[in-house]
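First the structure, in the form of structure tokens, and then the observations on it.
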Amino acid sequence: MVDRVLLEVDSGVALITVNDPDRRNAVTDEISAGLRLAVENAQNDFRVHAVVVTGAGKAFCAGADLGALGTAAGDGLRRLYDGFLAVSNCTLPTVAAVNGPAVGAGLNLALACDVRIAGPKALFDARFQKLGIHPGGGMTWMLQRAVGPQAARAALLFGLRFDADASVRHGLALEVAEDPVAAARQLAAGPASAPREVVIATKATMRATASPGSVDSELHAAAVDAELGPQAASIQAPAFAERLAAARRK
């Protein structure tokens, strides 16, 4: 059995790799559960001060597996969300090393991280509307927070995609690096060399002060709940079933 999510710890940094390159690291229940377990193991390992998330092969993450998505309802959608929500709720600093396309739920996974480093072939693509699916997993909140309302609406309503350079221009990624994993490790060396308790406390304080009166993880949870009903309804609609059948014939 191939591990679909890999965890490697080196010099205070945990590298979490979604490891299903033949399917472009599409999110399944197995991968979602693996992501949660990897995050929990990283948080419980006192050697780890920061986390880097990436994808094996040429893609960062191609979104939710269409087969899994086609059979998901409310609880099924929450299971698919579980992995990137664990990343979002991680108490340690997180960096996404976006080596290739981050599509749909894969964009959610990238947005769940505190910082994103784009490789030259990175592509940030919401794609929900093109598939006839309402955004889910807190996408509407995360993307607006990352790039602002106008660019987020351009992406979610008009299909705007961000290549590596555009992602930096819009604030979606911090920088473009030829080797995004190496660049993410270099960035993570900062918290890796600092006292762990100070790193965790600083992230917690930033979450509390981003929107005074609430914690950003609470806002994310509220967005997940607001999106869940419309997304489930869109998946159950005949139009999505037709798109799913067409995709399976390809």
Side-chain angles (χ1 to χ4, degrees), residues 12-16 35-36 38-54 78 81-98 102 105 107-118 124 126 135-156 162 166-175 177 180 183-228:
V13 178
L15 176 63
I16 297 175
L35 278 167
R36 172 165 290 281
V39 170
E40 290 174 352
N41 287 340
Q43 289 184 145
N44 292 333
D45 186 339
F46 288 96
R47 299 173 299 164
V48 176
H49 293 206
V51 175
V52 173
V53 180
T54 194
R78 289 189 184 275
Y81 301 162
D82 197 47
F84 61 75
L85 290 179
V87 174
S88 179
N89 292 325
C90 182
T91 58
L92 300 169
T94 53
V95 186
V98 184
L107 178 54
N108 277 347
L109 178 58
L111 288 167
C113 293
D114 297 313
V115 174
R116 288 155 291 283
I117 305 291
F124 300 84
M139 167 67 76
T140 56
W141 176 75
M142 288 193 291
L143 192 55
Q144 290 191 86
R145 181 181 65 160
V147 301
Q150 180 168 252
R153 291 178 185 186
L156 292 173
F162 305 89
S167 72
V168 175
R169 288 199 307 272
H170 288 279
L172 183 53
L174 180 67
E175 63 180 2
R185 284 184 181 275
Q186 184 176 6
L187 186 65
S193 63
R196 192 176 196 260
E197 63 275 14
V198 172
V199 171
I200 291 173
T202 301
K203 179 167 178 175
T205 301
M206 292 186 75
R207 284 180 153 171
T209 58
S211 180
S214 62
V215 179
D216 67 357
S217 56
E218 295 171 351
L219 298 174
H220 192 173
V224 170
D225 290 342
E227 294 168 355
L228 186 63

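Computed from a predicted structure; not experimentally measured.
Taking both residues in full, the closest heavy atoms of N108 and G136 are given as ND2-O, 3.0 Å, listed atom of the first, atom of the second, then distance. Nearest heavy atom pair, residue L111 against residue R145, reads O-NH2, 4.2 Å. Between G137 and Y81, the shortest heavy-atom contact is N-CZ, 3.4 Å. Heavy-atom minimum distance, A183 versus I117: CB-CG2, 3.9 Å. Closest heavy-atom contact between L143 and A155: CD2-CB, 3.8 Å. Of all heavy-atom pairs spanning A223 and W141, the tightest one is CB-CB, 3.5 Å.
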Open item on the list: Please determine whether side chain to side chain contact (heavy atoms under 4.5 Å, CB included) holds for the pair R78 and V224, giving the CA-CA distance in whole Å, both sets of side-chain angles, and the decisive distance to 0.1 Å.
Closed with: CA-CA 9 Å; R78 289 189 184 275; V224 170; 3.8 Å; yes

Task: Stepwise side chain to side chain contact (heavy atoms under 4.5 Å, CB included) check, L109 with L35 - done: CA-CA 10 Å; L109 178 58; L35 278 167; 4.3 Å; yes

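In this structure, E175 places its CD atom where more than 12 heavy-atom neighbours from other residues, nucleotides or ligands lie under 6.0 Å away. Heavy-atom neighbours of E40 CD from other residues, nucleotides or ligands within 6.0 Å: above the threshold of 12.
By the 4.5 Å heavy-atom criterion applied to side chains, V95 and L174 are not counted as neighbours. Looking only at side-chain heavy atoms (C-beta outward), H220 and N89 stay at 4.5 Å or farther from each other. Taking 4.5 Å as the limit, some side-chain heavy atom of V51 sits within range of a side-chain heavy atom of I16. Within the 4.5 Å cutoff, side-chain heavy atoms of C113 are placed close to those of V87.
Between H170 atom NE2 and F124 atom CZ the span is 12.0 Å, to the nearest 0.5 Å. Going from atom CE of M206 over to atom CG of D216 covers 9.5 Å, rounded to the nearest 0.5 Å. Q150 CD to R153 CZ: the interatomic distance, rounded to the nearest 0.5 Å, is 9.5 Å.
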May I have the list of side-chain donor-acceptor pairs in residues 191-203 shorter than 3.5 Å, sequence neighbours left out?
{"unit_1": "S193", "atom_1": "OG", "unit_2": "A189", "atom_2": "O", "d": "3.2"}
{"unit_1": "S193", "atom_1": "OG", "unit_2": "G190", "atom_2": "O", "d": "2.9"}
{"unit_1": "R196", "atom_1": "NE", "unit_2": "V48", "atom_2": "O", "d": "2.6"}
{"unit_1": "R196", "atom_1": "NH2", "unit_2": "Q43", "atom_2": "O", "d": "2.7"}
{"unit_1": "R196", "atom_1": "NH2", "unit_2": "D45", "atom_2": "O", "d": "3.3"}
{"unit_1": "R196", "atom_1": "NH2", "unit_2": "V48", "atom_2": "O", "d": "3.3"}
{"unit_1": "T202", "atom_1": "OG1", "unit_2": "V198", "atom_2": "O", "d": "2.7"}
{"unit_1": "K203", "atom_1": "NZ", "unit_2": "C90", "atom_2": "O", "d": "2.9"}
{"unit_1": "K203", "atom_1": "NZ", "unit_2": "L92", "atom_2": "O", "d": "2.7"}
{"unit_1": "K203", "atom_1": "NZ", "unit_2": "D114", "atom_2": "OD1", "d": "3.4"}
{"unit_1": "K203", "atom_1": "NZ", "unit_2": "D114", "atom_2": "OD2", "d": "2.8"}

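The main-chain N or O of G138 is found under 3.5 Å from a side-chain atom of E227 such that the two form a donor-acceptor pair. The backbone N or O of A96 lies less than 3.5 Å from no partner atom in the side chain of R116, so there is not a single donor-acceptor pair.
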